[in-house]
Amino acid sequence: MTLETCGGRRMRGVGKRFLTAVLMALVGAWVPMSGQQTGEFGMTGDGRFRNPVIASDFSDPDVIRVGEDYYGITSTFCFSPGMLIYHSRDLVNWEVIGHVVDDITFLNPDMGWERMNGYYNGIWAGSLRYHDGTFYCHFATPKGGWFVARTDDIRGRWEVEAMRDCTGRELRGGGWDDLCPLWDDDGQAYIVASNFGHHWWPHLFKMSADGTQLLDGMVVDEPDPRHPENMEIVGGYVVKPFRTAEAAKLYKWDGMYYIYFSEVRNIHGNRVRVPVMRRSCSLYGPYEEEILLHSQGKAVDKEPNQGAIVDTPAGEWYFVTHHGTGDFDGRVVSVLPVRWADGWPLIGVDCDNDGVGEIVWEMPMPASGAVALTMQTSDDFAGTTLSPQWEWNHQPRADKWQLDTKRGCLRLGAFGQLRKGEFFTTGNVVSQRYIRWEKGEAVAQLGLREMANGQRAGLTHFNGGKDYACLEVRKDEGRLTLYYVSGRSGEEPREVRLGQLPRHCRRVYLRTTIDFDGEATFAWSTDGKRFTDSGETFRLKWGSYRGDRIGLYTFNNEREEGSVDIERFDYEPIRW
């Protein structure tokens with residue numbers, strides 16, 4: 001890539017339209033913003049792919065390339081382990097390889113099973129960087145503070161610690177988000193972060209070379225009276241006094257500094273988030289600015305905004321972004337083409353000739369011959385560690401779950417809900433993200449031998465603390481009965497008795513089938529072959545910036561007794 005130095009201008013008018021036409025001809029038959037999300041995504045089998053590449057709630061992505069491998073992170077909010085890591089060889093096919101934070105109560109004690117007060121909290125957007133042989137993940141929690149995690153093996157264990165100010169004081173407190181570092185050519189490190197208090201502005205600080213301490217920022221004990229709950233840090237430099245500028249990413253390409261933002265703008269009559277880039281010869285400005293991508297409205301393109309720009313070994317460039325605000329599948333991930341002109345990254349294709357690109361739904365694969373990776377879903381629980389697609393709703397109670405390697409199952413021990421009858425205070429709910437196939441099916445095989453009277457166990461759909469539905473087995477007076485239970489935010493829970501299981505039943509299969517529009521239906525079986533429809537449907541919903549999840553659980557509000565064995569979990573698309 002060749003970029004101009006300071007003062008270059010973005011190509012406009014006839015020149016810009018000519019460049020767009022040439023690019024479309026070279027790449028060939030792109031499907032631009034007039035397309036829509038469908039149940040078919042990823043590789044199409046003819047050397048092309050269709051967006052989104054991850055049709056699941058992988059929000060707040062940051063992606064880097066190390067050699068021929070791409071690594072990404074996604075926010076996890078109140079789920080543990082925290083900050084999921086995924087890997088690809090071609091930007092289209094991905095696998096989950098681990099997490100950054102093993103114990104999220106280190107970040108905030110509200111995130112544990114004893115409190116379960118982390119909905120709309122926990123790990124938000126962060127950054128992933130590789131510098132001098134070390135992987136860095138900087139992130140914040142909106143109530144817990146600033147944190148940095150480091151490792152030399154991205155598939156291994158990370159060391160997590162609270163960042164410190166220039167006096168050595170830990171940055172423990174609320175009100176900050178969106179951390180991203182940059183190590184300059186002279187070794188000086190910097191970090192950007194957004195303060196979402198009264199002055200919701202991104203700040204730039206100098207940072208120690210090991211990425212753990214601010215050099216020109218200090219915590220003060222006099223809070224902002226308008227936001228007394230937030231941590232006040234004086235110092236640094238406001239890189240943009242624009243209230244909705246967030247999700248900042250720092251880059252340096254060919255001697256120029258670039259700061260990427262996601263901002264709320266009025267575009268074509270829609271108030272939407274859009275990607276914006278600033279550039280300068282100095283991190284301290286002055287800056288030029290361009291909008292990189294237009295949204296045509298949430299109903300058309302689901303508002304692509306936060307993300308990362310990354311190159312390939314062959315010198316091509318792409319933008320990896322999430323999009324989807326208020327959708328039951330959460331914020332899905334797409335990959336868009338990037339071309340450079342006059343030192344600016346041009347994203348997508350300018351279909352309406354307004355000087356800014358729009359989303360591309362279908363295009364050629366970024367790389368050919370790469371090993372096709374598959375996102376993990378199904379599990380036989382035969383390993384010695386829990387497969388990385390699984391996360392607990394808040395930090396789990398460690399003595400109430402185990403992998404039984406002899407029997408090949410995940411055993412969940414029952415204990416009481418924090419508040420009886422409130423599903424979202426159920427500890428040790430293990431779950432994974434829903435995937436928006438044209439039609440998908442999940443079947444959980446549950447061993448019931450060790451269930452105790454008063455115990456409940458089941459299969460559930462739920463979001464970030466608002467809505468849920470369960471197909472549940474209850475044991476009372478020695479008999480097992482099936483129930484459908486659902487709840488909506490602000491409404492009383494609904495229960496439907498579905499019938500008793502046979503007296504000597506030792507195993508049950510619980511199934512959910514979900515169509516492309518987010519309607520889930522439940523069914524059960526005692527042999528895994530003949531299923532009985534519950535007659536109940538549940539419309540999946542978004543809640544607290546979380547899309548739907550599919551989970552497994554047990555609890556006992558009468559006595560701390562009983563367990564259930566998760567013997568298999570099969571989750572896959574239904575092929576017509």
Side-chain angles (χ1 to χ4, degrees), residues 60 62 73-78 80-83 99-111 118 120-129 131 134-151 158-183 188-224 227-239 245-250 259 261 306:
D60 307 315
D62 193 21
I73 55 172
T74 176
S75 56
T76 46
F77 284 60
C78 63
S80 182
M83 192 66 89
H99 292 80
V100 174
V101 186
D102 293 332
D103 186 347
I104 60 174
T105 60
F106 173 76
L107 314 177
N108 184 343
D110 281 350
M111 307 296 290
Y120 197 67
N121 193 358
I123 297 177
W124 286 11
S127 63
L128 181 63
R129 292 292 182 266
H131 171 69
T134 299
F135 290 93
Y136 292 82
C137 182
H138 286 84
F139 62 93
T141 71
K143 295 182 180 179
W146 295 28
F147 300 92
V148 56
R150 294 175 291 176
T151 186
W158 293 70
E159 295 297 325
V160 185
E161 60 185 293
M163 291 188 66
R164 293 168 287 120
D165 73 359
C166 63
T167 71
R169 181 174 175 177
E170 287 191 344
L171 297 180
R172 295 273 189 172
W176 293 84
D177 191 24
D178 300 334
L179 311 185
C180 184
L182 171 72
W183 282 264
Q188 178 61 60
Y190 301 87
I191 190 165
V192 68
S194 294
N195 182 332
F196 52 79
H198 179 71
H199 298 298
W200 186 7
W201 297 340
H203 292 64
L204 179 72
F205 298 93
K206 288 186 176 181
M207 185 177 65
S208 61
D210 65 359
T212 65
Q213 184 175 10
L214 304 184
L215 301 182
D216 58 353
M218 182 175 68
V219 176
V220 296
D221 293 321
E222 298 80 18
D224 184 337
H227 295 274
E229 73 281 4
N230 289 347
M231 174 175 57
E232 289 296 313
I233 303 175
V234 298
Y237 169 71
V238 175
V239 292
E246 62 176 18
K249 295 289 187 292
L250 291 177
I259 307 182
F261 299 99
Q306 290 196 32

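The closest side-chain heavy-atom distance from Leu204 to Leu250 is below 4.5 Å. Between Trp158 and Met83 there is no side-chain heavy-atom pair separated by less than 4.5 Å. The shortest distance between side-chain heavy atoms of Phe196 and Trp124 falls below 4.5 Å. For the pair Thr151/Thr134, no side-chain contact is recorded, criterion being any heavy-atom separation below 4.5 Å from C-beta on. Counting heavy atoms from C-beta outward, Ile73 and Cys137 have side chains that approach closer than 4.5 Å. No side-chain heavy atom of Arg169 sits under 4.5 Å from any side-chain heavy atom of Met218.
A donor-acceptor contact shorter than 3.5 Å links the side chain of Gln188 to the backbone of Met207. In this structure, the side chain of Asp165 engages the main chain of Val219 through a donor-acceptor pair within 3.5 Å. No donor-acceptor pair closer than 3.5 Å links the side chain of Asp62 to the backbone N or O of Ser127. Between the side chain of His138 and the backbone N or O of Ala193, no donor-acceptor pair lies under 3.5 Å. In terms of modelled atom types and a separation under 3.5 Å, the side chain of Asp216 and the main chain of Gly235 share no donor-acceptor contact.
For the atom pair OG1 (Thr212) and CG (Leu171), the distance works out to 10.0 Å, reported to the nearest 0.5 Å. For the atom pair Thr76 OG1 and Ile104 CD1, the distance stands at 7.0 Å (nearest 0.5 Å). In this structure, the separation between CZ on Phe261 and CD on Gln306 is 12.5 Å, given to the nearest 0.5 Å. Atoms CE and CD, from Met163 and Glu170 in turn, are 11.5 Å apart once rounded to the nearest 0.5 Å. Taking CG of Leu128 as the reference point, atom NZ of Lys249 lies at 10.0 Å (rounded to 0.5 Å). For the atom pair Ile123 CD1 and Asp60 CG, the distance stands at 11.5 Å (nearest 0.5 Å).
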Legend entry - Pair Ser208-Leu215, side chain to side chain contact (heavy atoms under 4.5 Å, CB included): steps then yes or no: CA-CA 6 Å; Ser208 61; Leu215 301 182; 4.3 Å; yes
Inset, instruction - List the steps, then state whether side chain to side chain contact (heavy atoms under 4.5 Å, CB included) holds for Lys206 with Leu214. - result: CA-CA 6 Å; Lys206 288 186 176 181; Leu214 304 184; over 6 Å; no
Inset, instruction - For side chain to side chain contact (heavy atoms under 4.5 Å, CB included), just list the numbers for Ser80 and Val101, CA-CA rounded to whole Å, side-chain angles, deciding distance to a tenth of an Å, and then say yes or no. - result: CA-CA 8 Å; Ser80 182; Val101 186; over 6 Å; no
Inset, instruction - Test Trp183 against Tyr136 for ring pair (Phe, Tyr, Trp, His ring centres under 6.0 Å), laying out the working first. - result: CA-CA 11 Å; Trp183 282 264; Tyr136 292 82; 4.6 Å; yes
Legend entry - Test log, rule side chain to side chain contact (heavy atoms under 4.5 Å, CB included), inputs His131 and Arg150: CA-CA 10 Å; His131 171 69; Arg150 294 175 291 176; over 6 Å; no
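Residues Leu179 and Phe147 approach most closely at CD1-O, 4.1 Å, considering heavy atoms. The two atoms that bring Ala125 and Ser75 nearest to each other are N-CB, 4.1 Å, heavy atoms only. Closest non-hydrogen pair, Gly118 versus Cys78, comes out as O-CB, 3.3 Å. Considering all non-hydrogen atoms of both residues, Arg172 and Phe106 come closest at NH1-O, 2.8 Å. Among all heavy-atom pairs drawn from Gly168 and Gln213, the shortest one is N-NE2, 3.6 Å. Taking all atoms of both residues into account, the shortest heavy-atom contact from Ile259 to Ala248 is CG2-CB, 4.3 Å.
Among the candidates Trp176, Tyr190, Tyr237, the single residue satisfying the ring-ring contact (aromatic ring centres under 6.0 Å, His included) test with His203 is Trp176.
With sequence neighbours excluded, no residue forms a salt bridge (Lys or Arg N to Asp or Glu O under 4.0 Å) with Arg164.
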Validation: residues 139-146 side-chain donor-acceptor distances under 3.5 Å, sequence neighbours left out:
| unit_1 | atom_1 | unit_2 | atom_2 | d |
| --- | --- | --- | --- | --- |
| Thr141 | OG1 | Gly144 | N | 2.7 |
| Thr141 | OG1 | Gly145 | N | 3.4 |

